[in-house]
Amino acid sequence: MSPEINRIDQLRKELHRHNYNYYVKNAPEISDRDFDMLMKELEELEMRHPEHFDPNSPTRRVGSDLSDGFSQAAHIYPMLSLANTYSIDEVDAWVKRVDESLMGQETCIVGEMKFDGSGISLIYEHGRLVRAVTRGDGEKGDIVTENIRTIRSIPLELQGSGWPDFFEIRGEIVLPWAEFDRLNAEREALGEPLFANPRNAASGTLKLLNPSEVAHRGLDAYLYYLLGEDLPFDNHYDNMMAARSWGFKVSEAMTQLKTIEDVDRYINHWDTARKELPVATDGLVFKVNSLRQQLNLGFTAKSPRWAVAYKFAAERALTRLRFVSFDVGRMGIITPVANLEPVLLSGTVVKRASLHNDDIVRTLDIHEGDMLYVEKGGEIIPKITGVDTAARLPEARPVEFVSHCPACGTPLVRVEGEAAWVCPNKEGCVPQIVGRIEHFVGRRMMNIDGIGEETAAALFAHGYVKNIADLYDLEAGQLMNIEGFAAKSARRVIDGIGASKAVPFERVVFALSIPYVGETTAKKVARAAKSIERLMDMSVAELEAIEDVGPRIARTINDFFADGQNRDIVARLKAAGVQMAVAEDTGAAPSSDTLAGKSFVISGVFALHSRDEYKALIERNGGKNVGSISKKTDYILAGENMGPAKLEKAKALGIPIIDENTFLAMIGAQ
């Protein structure tokens, strides 16, 4: 074996250990910079030695842009839900039933946190992660192995010793509060809907088809149940302590409880202490420790008799409304916000809560100075759930929605068929203008580093940027007139503006802030139109013919480009060098009809071309890319390490499996 191959193996082992120390033990041994240098060295060596590919390499943690749709797999053991209890008395009654069923045998109960996330089943063979499956319907779930590999607290290769050659471990994929806040701040800046709670965000993230975006989300994982035929111990607690020694993140809250009094104290402790945890929880779980006793207790049709969940009551507080303010978004939508006397909920101080729209304000019947009920439950975003009308002041008047824009004074208009009131003064309302500038420079749009909300507002206030096209006339000297900018930071912004001219047309369309046109719709519209000139001239009927573009979106696109000011901005952006047409390799017409009517599923790792290049070749030769295998699939284009589930399904359906050389010969590329 060559020295470089030996070094690759050494680096992989070392980086796995450092990942465990940092993300599970929270006790890093080296600096972030030293870690990054080791990772960079490994990446360079792996580039030189593709024959030594390993899907569990630490470099795979960052995720790849290459992904297929999800296949499904049956669970080895059904993932049943637990029976719920809502009071200490109900938990005590369950403990007594267990004791009665076991006819006086000595019983130990294990108490655990019930994390509020998305259930996952992980399969390990020979100490390596081989498959990850979501809970699904309990009998089968989606295979999300590539996404799970991006979660740094999940070991790809086990450490220590003593693990079974084959086992399953179950747990919860969670999104920590800090990451949840960060993601929602990003989404708010992009004008996207906020995640309601970490649970929904974690579940949705696992279903993303782009592992690199999954890696960006910052998911974490806690493991809580080991299954298999050859487990090291005959009880649940010791098995989980063994799993911890192998590198799994097992909650420190997992505790053995000998008596009902221990169980009650455990509940009372965590009912308060959970608020200090870095992740969302919605209850506790109690399990009989002995595996033999679990077997004797058995199952009902829906849940095990040897375990029960205790659900925390949704946290609720009563606080006084100070006043209602009205925020203006980049699309002109006016959002009422309840400004509250500060109140502590789930470990954070709540001062503001969105009231969403006029209809909700009216439904809640909120009056000035009312005492409002604020809840979080498992959600980080506080919501107003009711009014204590008995505490209402006699002279209090109902809160009235504003009739004019609070920023520019323009009369508001009601969106037909919706609850939103909108300021129509798009070119003269400062929050809308600044919001569009901030959206335009965002990471998933033009990706111009160094311009955030405050800088966008300052650029407008100084008169340097009155619309997005003005960014391309910006000079470094102008930036240095803004507080916080020096020569280096100003140059970074100017360089970022220059680099943005290479951003693909699809992202430019998203960056324009066309109402109701999100990232996915922007891609489909751009690829259908192929150029900005064609897009600006398309009729409503032509726009409606594009996949996923309904009448409302078609009308708003048509109205957007009917506006002379918008057309002028587009012309200036094009003159500045911004991409205003789909690149040839993604938008060109098929170079042949060799694959016409044929659908392909791509799976595995390729040597001659990337997966994206093969997808483009399929489309340019008249074929169609599909994400999952079905009876309608004509071919599987397979590289190395094709997933066993896909291979099995393809064979069962009799679908031809072809390699790179065969495919290239089919299209005459060899």
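Quick caveat: nothing in here was measured; it's all calculated off a predicted structure. This chain uses plain numbering: 1 for the first residue, then up along the sequence.
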For [Y], is there any backbone N or O sitting under 3.5 Å from a side-chain donor or acceptor partner on [X]?
X: Glu375; Y: Thr385; value: no
X: Gln10; Y: Asn6; value: no
X: Thr281; Y: Gly283; value: no
X: His75; Y: Arg135; value: yes
X: Thr107; Y: Gln105; value: yes
X: Ser203; Y: Arg199; value: no
X: Asn56; Y: Leu129; value: yes
X: Thr145; Y: Ala132; value: yes
X: Arg244; Y: Val250; value: yes
X: Asn289; Y: His236; value: yes

Rounded at 0.5 Å granularity, tell me how far [atom1] in [X] sits from [atom2] in [Y].
X: Lys287; Y: Gln293; atom1: NZ; atom2: CD; value: 15.5 Å
X: Ile602; Y: Leu637; atom1: CD1; atom2: CG; value: 5.5 Å
X: Ser603; Y: Ile636; atom1: OG; atom2: CD1; value: 7.5 Å
X: Leu223; Y: Ile173; atom1: CG; atom2: CD1; value: 7.5 Å
X: Leu102; Y: Arg305; atom1: CG; atom2: CZ; value: 12.0 Å

Does the side chain of [X] pick up a donor-acceptor pair with the side chain of [Y] at under 3.5 Å?
X: Asp271; Y: Asn268; result: no
X: Ser87; Y: Asp89; result: no
X: Ser153; Y: Asp220; result: yes
X: Ser121; Y: Glu168; result: yes
X: His52; Y: Asp9; result: yes

**OP:** Take Glu90 and Tyr86 through the test side-chain contact (heavy atoms from CB on, under 4.5 Å) and record every step on the way to the result.
**Re:** CA-CA 7 Å; Glu90 288 180 298; Tyr86 298 91; 3.6 Å; yes

Original post:
If you count the non-hydrogen atoms of other residues, nucleotides and ligands that lie under 6.0 Å from CD in Glu51, is the total more than 12?
Top reply: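 Enclosed.
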
Original post:
Where do Trp246 and Gly162 come nearest, in terms of heavy atoms and distance?
Top reply: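 That closest heavy-atom pairing would be CZ2-O, 3.6 Å.
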
**OP:** Give the C-alpha distance, both sets of side-chain angles, the deciding distance and a yes or no for side-chain contact (heavy atoms from CB on, under 4.5 Å) between Leu42 and Ser57.
**Re:** CA-CA 9 Å; Leu42 178 57; Ser57 170; 3.9 Å; yes

Inspect the contact between [Y] and [X] and indicate whether a charged nitrogen and a carboxylate oxygen are less than 4.0 angstrom apart.
X: Glu261; Y: Arg265; value: no
X: Lys311; Y: Asp282; value: yes
X: Lys96; Y: Asp99; value: no
X: Arg128; Y: Asp54; value: yes
X: Lys258; Y: Glu106; value: no
X: Arg12; Y: Glu46; value: yes
X: Arg217; Y: Glu179; value: no
X: Glu43; Y: Lys40; value: no

Original post:
Is the NZ or CZ atom of Arg170 both under 6.0 Å from the centre of the six-membered ring of Tyr224 and within 45° of that ring's axis?
Top reply: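 Cation-pi check for Arg170 and Tyr224: fails.
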
Original post:
On the ring face of Tyr222, is Lys249 found with NZ or CZ under 6.0 Å from the centre and within 45° of the axis?
Top reply: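 That pair qualifies as a cation-pi contact.
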
**OP:** Going by the ring-ring contact (aromatic ring centres under 6.0 Å, His included) test, name the single residue among Trp163, Phe166, Phe248 that passes it with Tyr124.
**Re:**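 So the option named by the test is Phe248.
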
Subject >> side-chain contact (heavy atoms from CB on, under 4.5 Å) assessment of Val279 paired with Asp116 >> reply: CA-CA 8 Å; Val279 295; Asp116 199 14; over 6 Å; no

**OP:** Quick one: sort the Trp306 and Tyr225 rings into parallel, tilted or perpendicular, breaks at 30° and 60°.
**Re:**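 Tilted: the ring planes of Trp306 and Tyr225 meet at 30° to 60°.
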
Original post:
What orientation do Phe286 and Tyr266 show, parallel under 30°, tilted 30 to 60°, or perpendicular over 60°?
Top reply: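 Plane angle over 60°, so perpendicular.
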
**OP:** Evaluate side-chain contact (heavy atoms from CB on, under 4.5 Å) for Ile154 paired with Leu122, printing each intermediate quantity in order.
**Re:** CA-CA 9 Å; Ile154 292 179; Leu122 307 176; 3.9 Å; yes

